[in-house]
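Scroll down for the structure; my scribbles are underneath it.
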Amino acid sequence: MSFADTIKNRISNTGGTVSWEEKKWSFKLPSIQKEYHERILDDIFPFSPVPLKREEMWAGIINKILDSKAELSVKELLEQIPSHKLVNYDNNIELKERLDILLEDLYLIKSRSNKSTKNTSYILPFHMNIIKNVKTGNIRKLDNLFRLLLIDENGNVAADIFEDLVDLLNSVDSLTPLDNLILNVLSDITNQSKEQKKTYKYNYDVQIEGGYPFVQKQGQLFRRDMRRIIEMHVSNIEKIRYFTILIGIHFSLYLIRVNYFVDDEVQTFFDAINGKKVHWKSITEHHTGFQNKLPFTFRELKTPLTSNPVVLHREMQQKLYIGYINMVLIKMLRRIAQPVLGKDATLKDIWSKMSNDEEFKVWIEYGMEMVTKSYLDIADLSSEDKEMLLKSKKSWPECFYEAVKRHYARKKPGDRIPNTTGYRVISHYTERGSSFSFLATKGGVGDYYAMGQELLILLVHLIVKQGDKISYKNFLKEIKEYGFVPENNAEPELLKKLDEVGLLQKFSDSGDATYVRTIF
């Protein structure tokens with residue numbers, strides 16, 4: 001009998017619990033399909049992406065952190081405005097129609113499929129009373145990612161950012177008469193009398209020491225950008241619009257960045273368990289590699305199918321799809337390794353322990369065998385697929401990975417959760433095709449990376465401090481931190497666009513004497 005078989009004889013699988021009593025190691029097998037597909041990872045993926053409008057996402061996050069209980073629908077609010085005591089039509093139908101148009105144009109965020117106000121997703125969250133009292137959709141723990149991005153490298157919450165946000169959202173200094181009308185209607189409907197409690201639920205229970213410190217780079221950029229918007233010399237409503245755009249952009253970039261990272265980790269783990277010599281990339285190496293992953297062009301320019309903005313966009317879509325399966329695998333490996341390594345073990349941690357502890361290695365292998373066999377009983381797979389997987393020479397982690405992949409491959413494209421919670425989410429968060437997006441669609445090309453002009457302007461004002469300027473070369477280095485890099489033939493257009501909006505300052509024809517500056 002081999003050493004591995006001897007150890008396996010000490011491990012039991014009783015009533016769905018795999019145990020090694022001698023070691024006091026145990027874990028429960030998932031009991032339903034949903035548990036097998038669980039992928040929330042506290043340290044890098046603490047949320048379940050769902051397509052939402054950015055404004056709805058922003059309001060829902062702030063609402064969660066304030067622990068407010070919004071009960072009013074947008075429809076209920078809109079129905080009350082025309083009959084409010086501050087509104088006097090004097091039977092002037094034209095005036096009423098103008099008010100309706102203003103409300104629709106300035107405040108209502110509509111679904112993409114229908115421009116009817118009846119299908120409005122949300123109302124612009126320009127004040128705290130809107131956020132506290134008007135319902136949003138299920139944000140599926142997106143507030144956890146917001147909290148995670150607020151945590152600095154020392155594990156401290158950047159509480160000043162959220163407190164400044166609350167002060168900004170409570171401000172009445174720059175409100176318009178129409179803003180005040182909406183707030184008055186809200187006040188009457190909700191009968192507000194209590195002051196907002198200054199207790200924030202922005203603490204996030206995540207282990208900073210250990211796990212993946214992957215979030216750090218995106219967090220640094222996110223916190224800097226949030227502070228920069230707070231400092232801008234623009235109206236509060238403009239700031240709220242920028243905050244909603246910023247959340248959509250940062251969450252999208254984070255989704256892309258983390259899926260590239262996780263895919264590399266999983267492939268390295270598979271190589272390691274198959275006896276290949278491997279190199280586990282550091283977080284710094286991953287960040288450096290990400291700096292050219294989003295090569296962009298502009299919609300006005302010709303975009304060949306072989307261009308980097310098209311090719312790498314397709315690669316990104318694949319990374320997001322397979323990223324779902326990657327995280328399901330990591331979650332399952334962590335479940336098995338938790339009695340020994342804790343809840344946030346990285347794949348490198350697990351492999352390192354397997355390399356130096358034969359008993360732990362057998363525990364992981366046996367655990368994944370039990371998981372895979374039990375999954376095959378409930379997965380949507382053909383009998384031929386199941387037989388092939390059980391007879392394959394793949395390791396059990398690879399078998400489980402392949403089984404989940406095949407499970408979703410049998411679904412209709414619209415029913416594949418890795419699709420609906422991957423690229424589709426990013427399309428919503430960035431509002432693909434809008435001037436604030438880095439995604440576009442073109443006939444004959446499909447989707448690709450294209451920088452919207454308004455997003456370009458916003459990036460300048462996030463990167464360059466008020467009243468300051470930086471060299472054009474340094475500006476290119478700064479946008480690379482987000483992952484953005486202009487395609488070679490797009491750089492003349494980039495310079496042209498910056499010049500057209502007054503953000504470029506040239507002192508000579510030399511590139512070293514070209515600067516990018518702010519307006520506000």
Side-chain angles (χ1 to χ4, degrees), residues 1-39 41 210-211 265-278 280 325-407:
M1 185 180 290
S2 69
F3 179 73
D5 288 335
T6 302
I7 293 177
K8 285 181 181 179
N9 287 334
R10 302 178 194 170
I11 304 173
S12 64
N13 179 4
T14 307
T17 299
V18 179
S19 303
W20 189 345
E21 290 188 15
E22 180 186 348
K23 294 280 191 180
K24 299 191 183 310
W25 297 350
S26 69
F27 74 93
K28 283 190 174 183
L29 291 169
S31 57
I32 56 175
Q33 195 176 97
K34 185 178 179 180
E35 283 187 63
Y36 285 96
H37 296 160
E38 173 62 53
R39 61 164 174 161
L41 308 173
E265 287 278 287
V266 168
Q267 296 310 312
T268 303
F269 180 76
F270 286 162
D271 285 344
I273 59 180
N274 284 314
K276 296 180 182 179
K277 187 175 181 180
V278 299
W280 296 90
I325 291 96
N326 286 332
M327 290 184 195
V328 165
L329 173 67
I330 293 175
K331 184 76 173 183
M332 197 58 66
L333 283 165
R334 282 182 166 183
R335 178 190 282 245
I336 301 167
Q338 183 169 350
V340 185
L341 298 176
K343 70 182 182 70
D344 290 330
T346 67
L347 292 186
K348 183 180 178 182
D349 294 336
I350 293 171
W351 171 246
S352 178
K353 183 68 174 174
M354 289 172 70
S355 302
N356 296 292
D357 186 333
E358 191 67 24
E359 292 181 333
F360 178 76
K361 182 180 180 182
V362 175
W363 169 253
I364 293 291
E365 290 173 343
Y366 182 76
M368 284 306 303
E369 179 183 352
M370 295 298 100
V371 164
T372 305
K373 288 179 175 178
S374 62
Y375 179 69
L376 292 179
D377 289 337
I378 63 171
D380 185 10
L381 296 173
S382 67
S383 56
E384 291 81 7
D385 276 342
K386 293 178 182 180
E387 186 177 353
M388 184 277 295
L389 286 167
L390 289 172
K391 289 182 177 180
S392 73
K393 294 183 180 180
K394 293 178 180 290
S395 65
W396 286 112
E398 289 174 293
C399 279
F400 176 70
Y401 174 92
E402 186 65 28
V404 177
K405 190 175 175 182
R406 287 172 180 255
H407 167 87

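Side chains of M354 and W363 form no contact here, defined as non-hydrogen atoms less than 4.5 Å apart. Counting only heavy atoms from C-beta outward, the side chains of I11 and W25 never approach each other to under 4.5 Å. You'll find the side chain of P30 reaches within 4.5 Å of the side chain of M332, heavy atoms only. At a threshold of 4.5 Å between non-hydrogen side-chain atoms, the residues R334 and Q338 do not count as touching. Side-chain contact between T372 and L389: absent, with no pair of heavy atoms (C-beta onward) separated by less than 4.5 Å. Taking the side chain as every heavy atom from C-beta outward, W20 and V362 never approach each other to under 4.5 Å. Side-chain atoms of E398 and N274, non-hydrogen and from C-beta on, do get closer than 4.5 Å to each other. Using a 4.5 Å heavy-atom threshold, the side chains of L347 and T268 count as separate.
Within 6.0 Å of CD in Q267 there are more than 12 heavy atoms belonging to other residues, nucleotides or ligands. Heavy-atom neighbours of K348 NZ from other residues, nucleotides or ligands within 6.0 Å: at or below the threshold of 12.
Here the straight-line distance linking atom SG of C399 with atom CE of M388 works out to 8.0 Å at 0.5 Å rounding. With rounding to the nearest 0.5 angstrom, the CD atom of Q33 is 7.5 Å from the CG atom of D380. Summarising the geometry, atom OG belonging to S355 is positioned 7.5 Å from atom NZ belonging to K361; distances are rounded to the nearest 0.5 Å. Rounding to the nearest 0.5 angstrom, the gap separating the CZ atom in R406 from the CG atom in D385 is 4.5 Å. Atoms CG and OG, on L341 and S352 in that order, are 9.0 Å from each other to the nearest 0.5 Å. The CD1 atom of I330 sits 11.5 Å away from atom CZ of R39, with the distance rounded to the nearest 0.5 Å.
Contact detail for S26 and P339: the closest heavy-atom pair is O-CG, 3.2 Å. Among all heavy-atom pairs drawn from V266 and Y401, the shortest one is CG1-CE1, 4.3 Å. Among all heavy-atom pairs drawn from I336 and G367, the shortest one is CD1-C, 3.6 Å. For the pair R335 and L29, the tightest heavy-atom approach, listed with the atom from each and the gap, is NH1-C, 3.9 Å. Of all the heavy atoms in S19 and T17, the pair that sits closest is OG-CG2, 3.4 Å. F270 and L329 get closest at one heavy-atom pair: CZ-CD2, 3.6 Å.
Salt-bridge annotation for E35 and K28: absent, with no side-chain N of the basic residue lying under 4.0 Å from a carboxylate O of the acidic one.
Under a 3.5 Å cut-off, the side chain of K331 and the backbone N or O of E38 do not form any donor-acceptor pair. Judged by distance alone, the side chain of W396 and the main-chain N or O of K373 form no donor-acceptor pair under 3.5 Å.
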Starting from the C-alpha separation in whole Å, work towards a yes-or-no answer on salt bridge (Lys or Arg N to Asp or Glu O under 4.0 Å) for K23 and E359.
CA-CA 10 Å; K23 294 280 191 180; E359 292 181 333; 2.6 Å; yes
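For the 3.5 Å distance criterion, the side chains of T346 and D349 qualify, holding a donor opposite an acceptor.
Between F269 and W351, the two ring planes are perpendicular [angle over 60°; tilted spans 30° to 60°]. Using cut-offs of 30° and 60° on the angle between ring planes, the pair Y36 and Y375 is tilted.
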